[in-house]
**Student:** 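I have a structure here, written as structure tokens, and I will follow up with some questions on it.
Just the heavy atoms: all of them, side chains too, but no hydrogens, waters or symmetry mates, feed the values below. Because the structure is predicted, anything quoted here is derived from the model rather than measured.
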Amino acid sequence: MTDAPPRLVIDACVLFARIPRGIALNAAEAGLVTPFWSARILEEWRRSAARKPGGEAAALIAGAMNARWPQAMLPADPAREAAIHLPDPADAHVAAVAAGHAQAILTFNIRDFPRRTLAGLGLEALHPDGLYWLLYSQAPGVMGAILREIAAEHGAATGDEVRRLLKRSLLPRLGKAVAADW
């Protein structure tokens with residue numbers, strides 16, 4: 001990572017998960033990352049969320065995201081997408097939108113984005129746990145405030161409660177670091 005905030009395409013799986021999405025968007029609000037997505041990514045998130053109670057909120061949240069970061073919406077690139085071969089062909093659109101605009105794809109599905117394929121596109125796949133831990137180590141005050149707000153929203157008051165909350169959100173490394181400083 002350079003001194004400029006990393007430019008990230010946020011995959012639907014990260015948007016779907018409330019806590020990882022909250023951390024990503026709050027980190028973007030604080031200027032720690034520059035977020036990007038596509039209409040297809042948002043639609044994939046909306047469809048997945050619609051299957052869960054309260055899932056209709058995804059469309060409202062996506063609208064608020066687009067209003068806050070209008071430059072984050074990247075256009076589809078069907079020609080580039082057709083040229084990208086990933087283990088899950090349905091993920092090619094994510095890499096295609098990221099290529100040329102972002103440095104990385106923020107995803108829980110690291111295996112779906114092979115390092116060699118992404119390197120050829122000038123990208124890397126980052127797991128939220130690793131990225132958020134890195135951001136926390138570089139900007140503990142800012143990330144600490146973000147995490148305290150999220151912890152309070154979920155009723156986590158102690159270091160152990162925060163660690164469990166983050167672990168359930170697939171962020172165990174971050175949870176361990178935060179719990180030690182809580």
**Student:** Please report the closest heavy-atom contact between Y132 and P20, naming both atoms and the distance.
**Tutor:** OH-O, 2.7 Å
**Student:** Kindly indicate, with the supporting measurements, whether the criterion side chain to side chain contact (heavy atoms under 4.5 Å, CB included) is fulfilled by E161 and H154.
**Tutor:** CA-CA 10 Å; E161 291 171 341; H154 293 274; over 6 Å; no
**Student:** Is there a side chain to side chain contact (heavy atoms under 4.5 Å, CB included) between D181 and Y136 once you walk through the steps?
**Tutor:** CA-CA 11 Å; D181 297 339; Y136 182 72; 2.8 Å; yes
**Student:** Look up atom CG in L25 and atom CD1 in I61, then write down how far apart they are to the nearest 0.5 Å.
**Tutor:** 8.5 Å
**Student:** With a 4.5 Å cut-off on side-chain heavy atoms, are Q138 and L32 touching?
**Tutor:** no
**Student:** Hey, what do you get for CD (E81) to CG (D91), rounding to the nearest 0.5 Å?
**Tutor:** 10.0 Å
**Student:** When rounded to the nearest 0.5 angstrom, what distance separates CD1 in I105 from CG in D112?
**Tutor:** 10.5 Å
**Student:** Say you draw a straight line from CG of L171 to CD1 of I23; how long is it, rounded to the nearest 0.5 Å?
**Tutor:** 5.0 Å
**Student:** Between E29 and R68, does at least one N-O distance fall below 4.0 Å, as a salt bridge requires?
**Tutor:** yes
**Student:** Taking D77 for its side chain and R80 for its backbone only, find out whether a donor-acceptor pair lies under 3.5 Å.
**Tutor:** yes
**Student:** N66 versus L42: any side-chain heavy-atom pair under 4.5 Å?
**Tutor:** yes
**Student:** Side chains of V9 and L106, heavy atoms from C-beta outward: is any pair under 4.5 Å?
**Tutor:** no
**Student:** On a heavy-atom basis, which atom in G159 and which in A179 lie closest, and how many Å separate them?
**Tutor:** O-CB, 3.2 Å
**Student:** For W37 and D11, does a side-chain donor sit closer than 3.5 Å to a side-chain acceptor?
**Tutor:** no
**Student:** Which pair of non-hydrogen atoms, one from H101 and one from F36, has the smallest distance, and what is that distance?
**Tutor:** O-CE1, 3.8 Å
**Student:** Counting C-beta onward and ignoring hydrogens, is there a side-chain heavy-atom pair between P114 and L86 closer than 4.5 Å?
**Tutor:** yes
**Student:** Given side chains that start at C-beta, do those of I10 and I41 come closer than 4.5 Å, heavy atoms only?
**Tutor:** no
**Student:** Where do V33 and A24 come nearest, in terms of heavy atoms and distance?
**Tutor:** CG2-O, 3.9 Å
**Student:** Taking the side chain as everything from C-beta on, heavy atoms only, tell me whether W182 gets closer than 4.5 Å to R148.
**Tutor:** yes
**Student:** Not counting sequence neighbours, which residues clear side chain to side chain contact (heavy atoms under 4.5 Å, CB included) with N26? List them please.
**Tutor:** I146, I150
**Student:** Can you tell me how far apart CG (L74) and OG (S38) are? Round to the nearest 0.5 Å.
**Tutor:** 7.5 Å
**Student:** Short question: side chain of Q103, backbone of R7 - any donor-acceptor pair under 3.5 Å?
**Tutor:** yes
**Student:** Under 4.5 Å between any side-chain heavy atoms of I84 and L121, yes or no?
**Tutor:** yes
**Student:** Decide yes or no on side chain to side chain contact (heavy atoms under 4.5 Å, CB included) for F16 and R21, but give the supporting numbers first.
**Tutor:** CA-CA 7 Å; F16 180 79; R21 176 183 67 239; 5.9 Å; no
**Student:** Can a cation-pi geometry be assigned to R40 and W45, taking NZ or CZ under 6.0 Å from the six-membered ring centre and within 45° of the ring axis?
**Tutor:** no
**Student:** Taking the side chain as every heavy atom from C-beta outward, state whether R46 and E43 have any pair of such atoms under 4.5 Å apart.
**Tutor:** yes
**Student:** Work out which heavy atom in A49 is nearest to a heavy atom in A58; give both atom names and the distance.
**Tutor:** CB-CB, 3.7 Å
**Student:** What distance do D129 atom CG and L134 atom CG have between them, rounded to the nearest 0.5 Å?
**Tutor:** 11.5 Å
**Student:** In sequence, state the C-alpha distance, the side-chain angles, and the governing distance for L131 and L8, and then conclude on side chain to side chain contact (heavy atoms under 4.5 Å, CB included).
**Tutor:** CA-CA 11 Å; L131 175 67; L8 310 168; 3.5 Å; yes
**Student:** Could you tell me which non-hydrogen atom of I19 sits nearest to which non-hydrogen atom of L165, and how far apart they are?
**Tutor:** CD1-CD1, 3.4 Å
